[in-house]
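Chain naming here is simple, since letters A, B, ... match the order of the sequence lines and numbering starts at 1 in each.
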Amino acid sequence: MSKTVKNIFIQGAISPEFISDSIGKHSAKKEIGAHSIFLGQVRADMIDGKKVESIEYTTYEEMALEKMTVIREEIFAKFELTCLHIYHSLGIIKAGEICLFVFTSSSHRKNATAACEELVERIKAELPVWGKEIMGGGEHQWKVNQ
Amino acid sequence: MSKTVKNIFIQGAISPEFISDSIGKHSAKKEIGAHSIFLGQVRADMIDGKKVESIEYTTYEEMALEKMTVIREEIFAKFELTCLHIYHSLGIIKAGEICLFVFTSSSHRKNATAACEELVERIKAELPVWGKEIMGGGEHQWKVNQ
Amino acid sequence: MAIRVISFGQLSEITGKIFQAEVQNTDQLAALLRDRYHIPVDIKYMVAVNKKVITNNTLLKADDTVALLPPYSGG
Amino acid sequence: MAIRVISFGQLSEITGKIFQAEVQNTDQLAALLRDRYHIPVDIKYMVAVNKKVITNNTLLKADDTVALLPPYSGG
């Protein structure tokens with residue numbers, strides 16, 4: 001069984017221009033009626049009086065991409081989608097920058113919206129990715145997903 | 001009681017660049033952790049063997065903006081949001097172009113996602129906007145929301 | 001008394017965008033639309049008086065604006 | 001038999017990114033992490049053998065790759 005393993009990782013933050021390019025590429029797909037997009041942005045949380053200035057993301061890339069291939073197939077099987085794109089940042093992402101971009105498209109909105117939501121949940125729960133929250137003074141703590 | 005009535009209508013299609021500009025403006029709001037975006041794209045449906053080439057949107061603008069102000073307030077009261085933006089096209093929008101842009105931001109994803117979904121439903125159900133589907137030969141039919 | 005009526009969507013193709021109607025209340029307006037404009041019975045619409053949708057017969061004043069609203073299809 | 005172990009997130013700060021462990025199975029590896037690396041008991045982690053998360057004690061072969069995975073926090 002040969003699966004195409006697509007890379008989802010991007011070194012550094014995801015720029016708004018990258019997102020608009022991705023949106024623009026769908027104008028030729030005229031069966032699409034609805035796009036649903038989720039963006040994760042790094043939050044400047046306060047932790048014990050210190051502000052998070054950035055998050056450094058690392059991954060077990062081989063395992064993450066295999067897992068993502070499975071998730072992608074299951075989502076395509078469950079929802080009627082025209083397409084589906086996922087990008088996750090690696091490296092240091094500053095507060096206010098975008099670190100996750102999940103993009104689903106369908107002829108009708110319910111499929112696009114539900115698929116996008118489920119993808120976000122699964123990415124957070126199932127992908128071997130770790131965020132290290134780096135504070136102003138250089139201290140850090142390991143992010144915990146809610 | 002004085003309410004700020006914001007305009008949501010844009011003449012013509014919503015460009016990907018408009019969307020990325022809107023996203024980029026949120027990088028200074030460092031309490032945001034999640035953005036949810038819904039985009040409506042004009043579909044080239046086949047109707048009795050004829051292809052929809054564009055939709056012409058019209059509105060009862062005064063009433064729509066009043067209604068939108070109420071919806072906006074109710075959504076802000078119901079969900080913890082940092083901000084909320086809505087744009088709807090008027091005039092002729094070609095198949096493949098974007099006609100609706102709903103954008104919610106929150107510190108955590110559940111609020112952003114749920115608010116965005118509810119906004120889309122309410123916009124489609126409650127805003128006095130009409131779409132005229134224009135076919136290849138110049139014929140038209142009035143769009144019906146599902 | 002001439003009331004200003006604005007018509008939207010499919011209805012505007014039948015009545016024109018704006019017209020004056022000599023009516024005292026919204027029931028009389030509905031009758032006028034049926035009898036003079038021959039609006040087919042399968043065309044559903046709501047009536048708004050000064051931007052508020054009404055469900056019962058409503059008395060109209062000279063400066064009221066009445067709107068005829070077919071089912072919404074935005075988004 | 002030296003098994004290659006890759007360590008991620010918080011655990012990589014304790015064990016280093018990659019190390020060799022003289023173990024026959026994953027239970028022996030867990031004991032090694034506790035005894036030699038003194039990994040605190042409140043640090044939870046999963047073990048993957050060749051990218052598959054295992055839940056029971058698993059025999060290891062020389063060319064296996066074992067990964068130590070603290071709770072995920074992507075997105």
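Of the possible donor and acceptor atoms, one in the side chain of D/Gln28 sits under 3.5 Å from a partner among the backbone N and O of D/Gln24.
The two residues A/Ser107 and A/Thr82 make their nearest non-hydrogen contact at N-OG1, 4.1 Å.
Only the backbone of A/Leu127 comes within less than 4.5 Å of a heavy atom of chain D; no side-chain atom from C-beta onward does. With a 4.5 angstrom heavy-atom cutoff, A/Ala64 does not touch chain D via any of its atoms. If you measure heavy-atom distances from A/Glu126 to chain D, the contacts under 4.5 Å come from the backbone alone. Neither the backbone nor the side chain of A/Ser89 comes within contact range of chain D; no heavy atom of the residue lies under 4.5 Å from a heavy atom of that chain. In this structure, the portion of A/Lys132 lying under 4.5 Å from any heavy atom of chain D is its side chain and not its backbone. Both the backbone and the side chain of A/Tyr60 come within contact range of chain D, judged by heavy atoms closer than 4.5 Å.
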Step by step, work out the side-chain hydrogen bond (donor to acceptor under 3.5 Å, both in side chains) result for D/Thr15 and D/Ser7.
-> CA-CA 7 Å; D/Thr15 65; D/Ser7 198; 2.8 Å; yes
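A donor-acceptor pair shorter than 3.5 Å can be found between the side chains of D/Glu13 and A/Trp142.
Between A/Phe18 and A/Phe101, the ring planes are perpendicular. Angles over 60° get that label, and only those under 30° would be called parallel.
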